[in-house]
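Worksheet: one structure, shown below.
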Amino acid sequence: MCGRFTLASDAEALQQTFFNFDVPINLSPRYNISPTQEVAVIANTPTHTEIRPEMGQVEFFHWGLIPSWAKDPKIGNRMINARSETLAEKPSFRSAYKRRRCIILADGYYEWKQVPGDRRKQPVYIRLQSQKPFALAGLWEVWQAEGMDEPVRSCTIITCPPNDLLEKIHHRMPVILPQDAYAEWLSPDERPADVLQPLLVPYSDEEMEAYPVSTFVNRPINNSPECIAPFEVAQSLKRLL
C-alpha cells in the first residue's frame, strides 16, 4: 500500500527528473500528502501549454480514483491504490489501464511497520538513495455528476510486490517508473496489458533506502520537514520545544 507520500524537492531537482515535461517552478514543499488531497500528475492526455505544445504539463488531480460510472464520488476513498496484478480484470481500473495512464510526482513515501510485541506501528520513510524525485505509476479518470459545472479528475497509485529491502516493512510497494519508461507509460494510444505489465515491477532495492521517523507524521495535518526527520532527530527536536 502507499497511503502517504512527499513531494518536497526544489524546482531544479524536479526539472532534472522530469525534463521532458512542463513542471511549475513554484510548487510548495509537501511532506505529508494524504488521500483525497490534490496531487501533482502528468497524464497521458495532458493539457498542453501554448509555449511548448509538445510537452506534457503537470496538473493536479484528486487522489482516490472515481470511475466514470460511479454514482457516489466517495468510492474514490477506497481506491487510492490499484494492484498491478489485477488492473486488466477489475472493472474500476481496466478501462483506465488501457487508455488513461499517468505518473504521480513524488520524492518519498511512508509505510507503517508492525513492531513485535507492541500494538503500535513504527512509521518508516522510504526514498531513493540519491534523494531525487521520481515517478509513481498511476491511472486517472474523469467523473462528473449531473448538474456539476466542472468534472472531477482523479487518480490512483499502482502497487506491486516489494523488493528485498521493502519486504521487511510491508507486503506491497508503489510502482516507481524509471525515466526510460515514461514515454511508453504515457503514450496517448491504447496499449495492451502484455506491453504495459513488464513496466509494473519492483524498483531496484540497491537504489533505495528506508529509515524510521517520528509518529508526528501520523497526523495528516502535520506538514513540515519534521515528518521526514530520522526518528532520533525528531525525538531531539521535541525535547527542545
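Just so you know, residue 1 is the first one in the sequence shown, and it goes up from there. All figures in this text were calculated on a predicted structure; none of them were measured in a lab.
Between Ala193 and Ala88, the shortest heavy-atom contact is CB-CB, 4.2 Å. Nearest approach of Gln179 to Thr17, heavy atoms of both residues: NE2-O, 2.7 Å. Between Cys155 and Val41, the shortest heavy-atom contact is SG-CG2, 4.0 Å. Shortest non-hydrogen contact noted between Arg127 and Gln131 is NH2-NE2, 3.4 Å. What you find for Thr6 and Tyr31 is that their closest heavy atoms are CG2-O, 3.3 Å. For the pair Asn44 and Arg100, the tightest heavy-atom approach, listed with the atom from each and the gap, is OD1-CA, 3.7 Å.
Residues Ile42 and Ile25 are members of separate hydrophobic clusters, defined by side-chain heavy-atom contacts under 4.5 angstrom among Ile, Leu, Val, Met, Phe, Trp and Tyr. Leu186 is connected to Phe60 through a chain of hydrophobic side-chain contacts under 4.5 Å among Ile, Leu, Val, Met, Phe, Trp and Tyr, so both are in one cluster.
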Intermediate values then yes/no, side-chain hydrogen bond (donor to acceptor under 3.5 Å, both in side chains), Gln37 and Arg30: CA-CA 11 Å; Gln37 293 182 352; Arg30 300 173 67 186; 3.1 Å; yes
Candidate pair Ser92 and Glu141, rule side chain to side chain contact (heavy atoms under 4.5 Å, CB included), full reasoning: CA-CA 10 Å; Ser92 300; Glu141 279 283 6; over 6 Å; no
With side chain to side chain contact (heavy atoms under 4.5 Å, CB included) as the criterion, how do Phe61 and Val142 come out once you've worked through the C-alpha distance, each side chain's angles and the decisive distance to 0.1 Å? CA-CA 10 Å; Phe61 289 11; Val142 176; over 6 Å; no
Pair Val58, Asp22 - check side chain to side chain contact (heavy atoms under 4.5 Å, CB included), show working. CA-CA 6 Å; Val58 172; Asp22 184 17; over 6 Å; no
Does the side-chain hydrogen bond (donor to acceptor under 3.5 Å, both in side chains) test come out yes or no for Asp107 and Ser9, once each step is laid out? CA-CA 7 Å; Asp107 51 21; Ser9 299; 2.7 Å; yes
Would Arg172 and Arg83 count as a side chain to side chain contact (heavy atoms under 4.5 Å, CB included) if you check the C-alpha gap in whole Å, the side-chain angles of each, and the deciding distance to 0.1 Å? CA-CA 9 Å; Arg172 304 292 292 178; Arg83 293 174 66 92; 3.4 Å; yes
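The closest donor-acceptor contact from the side chain of Glu167 to the backbone of His171 lies at 3.5 Å or more, if one exists at all. Between the side chain of Asn81 and the backbone N or O of Cys2, at least one donor-acceptor pair lies under 3.5 Å. Here the side chain of Trp185 pairs a donor or acceptor atom with the backbone of Cys102 at under 3.5 angstrom. In terms of modelled atom types and a separation under 3.5 Å, the side chain of Lys113 and the main chain of Lys121 share no donor-acceptor contact. Judged purely by atom type and a 3.5 angstrom limit, Asn163 uses its side chain to pair as donor or acceptor with the backbone of Leu166. The backbone N or O of Val201 sits nowhere less than 3.5 Å from a side-chain atom of Gln197 that would complete a donor-acceptor pair. For the pair Trp140 (side chain) and Ala43 (backbone), a donor-acceptor distance under 3.5 Å is absent. Although no hydrogens or angles enter the test, the distance criterion places a donor-acceptor pair under 3.5 Å between the side chain of Arg101 and the main chain of Lys98.
The list of ring-ring contact (aromatic ring centres under 6.0 Å, His included) pairs with a residue in residues 94-133, not counting sequence neighbours, reads Tyr110-Tyr125, Tyr125-Tyr211.
Side chains of His62 and Glu38 form a contact here, defined as non-hydrogen atoms less than 4.5 Å apart. The shortest distance between side-chain heavy atoms of Phe5 and Ile157 falls below 4.5 Å. Contact of the Gln16 side chain with the Pro133 side chain is not registered, since no non-hydrogen atoms from C-beta on lie closer than 4.5 Å. The shortest side-chain heavy-atom distance between Asn20 and Tyr182 does not fall under the 4.5 Å cut-off. Under the 4.5 Å side-chain criterion, counting only non-hydrogen atoms from C-beta, Glu206 is not in contact with Gln129. By the 4.5 Å heavy-atom criterion applied to side chains, Met173 and Tyr203 are counted as neighbours. At least one side-chain heavy atom of Glu184 sits under 4.5 Å from a side-chain heavy atom of Leu199. In this structure, the side chains of Trp143 and Pro73 come closer than 4.5 Å at one or more pairs of heavy atoms.
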Return all side-chain donor-acceptor pairs below 3.5 angstrom for residues 64-71, not counting sequence neighbours, or 'none' if the list is empty.
none

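In this structure, Arg99 CZ and Asp189 CG are separated by 12.0 Å, a value rounded to the nearest 0.5 Å. The line from CD of Gln122 to CD1 of Ile169 is 10.5 Å long, rounded to the nearest 0.5 Å. The CD1 atom of Ile103 sits 6.0 Å away from atom CG of Leu105, with the distance rounded to the nearest 0.5 Å. Leu14 CG to Leu7 CG: the interatomic distance, rounded to the nearest 0.5 Å, is 5.5 Å. The CD1 atom of Ile33 sits 11.0 Å away from the SG atom of Cys227 when rounded to the nearest 0.5 Å. The line from CD1 of Ile176 to CD of Glu207 is 9.5 Å long, rounded to the nearest 0.5 Å.
Taking 4.0 Å as the cut-off between side-chain N and carboxylate O, Arg120 and Asp118 count as a salt-bridged pair. Classification of Arg153 and Glu59 as a salt-bridged pair holds, one side-chain N sitting under 4.0 Å from a carboxylate O.
Using modelled atom types, one finds a donor on one side chain and an acceptor on the other under 3.5 Å when comparing Arg4 with Asn32.
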